[in-house]
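This one's a predicted model, so the numbers in the text were calculated from it and none came from an experiment.
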Amino acid sequence: MSKYLVTYHGSGPPPSDPVEMDRIRAAFGDWVAKAGKAVVDPGAPLRPATQVAKGDPTPQVLIGGYTIIEAVSLDEAVTVLQSHPFVARGGTLQVDEAVS
């Protein structure tokens, strides 16, 4: 089994409408339930804080949130993520494999 860090990119800022936010949260909860044991850590939304570097840092990349999943293969990880509600809203999920 491999672990994958999934980061959320794009789709704009979260909606200000509380009803829409409730709908988004419910859709995410449904996805987590459907994904089952593949979800190691459902993660959380993120906001930029700072960077630490020796010298000039690389350009900052906006990451909207993260999730950690576990799967037998990258193909299986992608299958789990294809139904993710963030993708349905127009966002992109970047999948990075943890190398051990």
Seminar exercise, completed: In terms of heavy-atom contacts, Gln51 and Thr58 come closest through NE2-O, 3.1 Å
Problem set entry | For Ala71 against Ala77, the heavy-atom pair lying closest together | CB-N, 3.7 Å
Problem set entry | Non-hydrogen atoms of Gln60 and Ala49 that approach each other most closely | NE2-N, 4.5 Å
For this session: Quick one: list whatever passes side chain to side chain contact (heavy atoms under 4.5 Å, CB included) with Glu20, sequence neighbours left out.
Result: Pro15, Asp17, Arg23, Ile24
For this session: To the nearest 0.5 angstrom, please state how far the CZ atom of Arg89 sits from the NE2 atom of His84.
Result: 8.5 Å
Exercise. Any idea which heavy atoms bring Pro48 and Leu62 closest together, and the distance?
Worked result: CG-CD1, 3.6 Å
Exercise. What pair of heavy atoms forms the shortest contact from Glu70 to Glu76, and how long is it?
Worked result: O-OE2, 4.5 Å
Exercise. Does any pair with a residue in residues 46-68 pass ring pair (Phe, Tyr, Trp, His ring centres under 6.0 Å), and if so which ones, sequence neighbours excluded?
Worked result: none
Seminar exercise, completed: Cluster membership besides Val80, Ile/Leu/Val/Met/Phe/Trp/Tyr side chains within less than 4.5 angstrom, sorted by chain and number, is Tyr4, Val6, Tyr8, Phe28, Trp31, Val32, Val39, Ile69, Leu74, Val78, Leu81, Phe86, Val87, Leu93, Val95
Exercise. Between Leu46 and Ile63, which heavy-atom pair has the shortest distance, and what is it?
Worked result: CB-O, 3.5 Å
